[in-house]
Asker: 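This is the structure I have questions about; it appears just below.
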Amino acid sequence: MSEKQMIGEAALHAFVDNELDREATYQVEEWLQQNPEQMHNIAIWKHQNEKLKEAFDPVLDEMIPKGIQETLNKSPRPPKQRSVSWMSMAASIVLLFTGLTAGWYLSQPKATKTWPAFAQNAISSHLVYAGDVSRPVEYAAPQKNYFLAWVKHRMDREITPPTLTFAGFKFLGGRVLPHEDKPAVLFMYENVHGKRITLLVGQNKRTTVKPVTVWSKGKLHCYFWFAGSLSFSVTSEINKNDLKDVTDKVYAHFADV
Amino acid sequence: MGTQKQDLRSSVAAEVPYLRRFARALTGNPSTADDLVQDCIERALTRLHLYDEDKNLRTWLYTILRNLYINDIRKISRRGPHMNIEEVSEHSLGQSSDEANQTVLVQDIAKALEQLPNEQREVIVLIAIEELSYEETANIIGTPIGTVMSRLSRARNRLKVIMSDVPGIPARQSQ
């Protein structure tokens, strides 16, 4: 195999795995148009990727086995280093199970779900509202000022949505919706391909902090984090790397608030 | 300080579903996979003080799990006095050398994955299933990015052959 062919193949793999920047992606797309027989391999590799995800993604939704849960809940100090009475051990285990921080959702007795309610709300809202072709938002972009004033009134604080035009997404509008019995706000964005991003901002029942986590469910990726009194999520079916770039911007935007 | 550690432990807990998926795809066996995840969590929790918070938690955990997996394979290789590491890396865990040389045409991609040599399987799992970048994958397996790309290419070509409808093509091809 000549070196030129090898370099070509490396670019094709990188193309399939979204490793190329916009410029290089465009060049490969052009080249593929002129060399359509190469599309065959691309299609095979993409199909392999999909089949692999299909085969193993269901593991994400499985219950965490008891042994692993117990390992997570173990006290950091090994038992033999200090004598601990059974009563105080039991008390500390009970404290862990009541979930004093948002992160201990794994130990809550929910049937199959191990994700926080906020993230579930984000995914669910995205599915229902971003999936609505004709009426995805209640207040559209032309009513933005009125909408934001309404949000300020309902949530008792000003929430300003970020601009995502750097990523090719224009602001569509949004709606007020519930999260934990309090008003939350859903902002929606759309690009020229009709792909949508939703941004959910909810109010926390108690002050909670959690670093950015991503939950991939089906075709969707949901980046979310808890920042004290508010929680944020960025959800979309666009490429995960691109969504992460958007999330970084959103995170920085609200970190200044 | 106490709440910081608690947050880190809960961040580790949040990674468990991903670790389980990674281990399942690496080992092909649910109970082996969960044992591997448990060992990984135990090791990670005792090493939390070594974790650099600027680095990606998931990458750190995957590296621990992957190293434990490689060690397990090496332990098995020591049981057979004539097997060296290079030979072992060409066999999936638990497979005899006869099976590895035969053509096994499979529809099931999970079965096909098991037939890949370990060094190819781990790369395609990290990139296709765990959706890590080439760079993150290179960091986890400790090789240059070029090595990741050549192993990925071989993995994909071998998967294509294993799952093809054309009979009589051996699973091993000289590259």
Side-chain angles (χ1 to χ4, degrees), chain A residues 1 6 9-14 16-19 41 44-65 67-74 76 78 96 99-107 114-116 209-216 221 239-241, chain B residues 3 5-25 30-31 33-35 37-42 45-46 48 53 57-58 108-113 124-125 127-135 145-146 149-150 152-153 155-157 159-160 163-164 175:
Chain A
M1 227 186 260
M6 278 305 291
E9 195 188 301
L12 294 182
H13 285 287
V16 166
D17 298 318
N18 296 307
E19 285 280 321
N41 274 331
I44 291 177
W45 299 335
K46 278 196 170 154
H47 182 69
Q48 287 173 358
N49 281 359
E50 282 162 16
K51 291 300 268 190
L52 283 168
K53 283 204 76 71
E54 198 182 289
F56 291 99
D57 277 355
V59 177
L60 296 178
D61 295 324
E62 288 174 7
M63 283 282 291
I64 307 296
I68 295 176
Q69 286 208 42
E70 282 164 10
T71 308
L72 286 165
N73 285 336
K74 246 190 254 172
L96 289 171
L100 288 182
T101 64
W104 286 103
Y105 45 79
L106 279 174
S107 48
T114 57
W115 293 98
V209 173
K210 182 175 166 64
V212 180
T213 306
V214 63
W215 176 20
S216 294
H221 305 293
N239 170 291
K240 201 168 163 190
N241 286 334
Chain B
T3 33
K5 199 158 195 180
Q6 189 78 326
D7 277 342
L8 203 45
R9 280 168 78 90
S10 56
S11 297
V12 170
E15 295 299 317
V16 164
Y18 297 99
L19 289 167
R20 292 189 71 239
R21 178 179 61 179
F22 179 36
R24 182 79 59 87
S31 59
D34 283 335
D35 286 345
V37 172
Q38 195 158 324
D39 288 344
C40 169
I41 297 291
E42 275 171 13
L45 291 180
T46 61
L48 276 185
E53 300 224 14
L57 180 64
R58 185 170 302 176
D108 181 347
I109 196 145
K111 291 262 179 332
L113 193 63
I124 196 160
V125 166
I127 290 170
I129 300 175
E130 300 304 320
E131 293 182 292
L132 298 188
S133 68
Y134 291 175
E135 189 178 344
I145 291 185
M149 293 176 78
S150 65
L152 175 66
S153 169
R156 283 180 164 151
N157 287 327
L159 278 181
K160 178 177 158 188
M163 295 190 70
S164 89
Q175 298 282 343

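Everything numeric in this text was worked out from a predicted model, so none of it was measured. The sequence lines fix the lettering, A, B, ..., with proteins before strands; numbering per chain opens at 1.
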Asker: Please rank A/Asn18, A/Asp17, A/Asn49, A/Val16 by heavy-atom pairs under 4.5 Å with chain B and give me the top one.
Answerer: A/Asp17

Asker: Indicate the atoms forming the closest heavy-atom contact of A/Glu19 with B/Ser133, along with that distance.
Answerer: OE2-CA, 3.1 Å

Asker: Side chains of A/Asn73 and B/Arg9: donor-acceptor distance under 3.5 Å anywhere?
Answerer: no

Asker: Heavy-atom distance under 4.5 Å to chain B: side chain of A/Val212, backbone, both or neither?
Answerer: neither

Asker: Chain B heavy atoms under 4.5 Å from A/Ile44: which part of the residue, side chain, backbone, both or neither?
Answerer: side chain

Asker: Parallel, tilted or perpendicular: which fits the ring planes of A/His13 and A/Trp45, with parallel below 30° and perpendicular above 60°?
Answerer: parallel

Asker: Of all the heavy-atom pairs spanning A/Ser216 and A/His221, show the shortest one and how long it is.
Answerer: OG-ND1, 2.7 Å

Asker: Can you tell me if B/Ser153 and A/Glu9 form a side-chain donor-acceptor pair at under 3.5 Å?
Answerer: yes

Asker: Give, as side chain, backbone, both or neither, the part of A/Asn241 having an atom under 4.5 angstrom from any heavy atom of chain B.
Answerer: neither

Asker: So what's closer than 4.5 Å to chain A heavy atoms on B/Gln38: side chain, backbone, both or neither?
Answerer: both

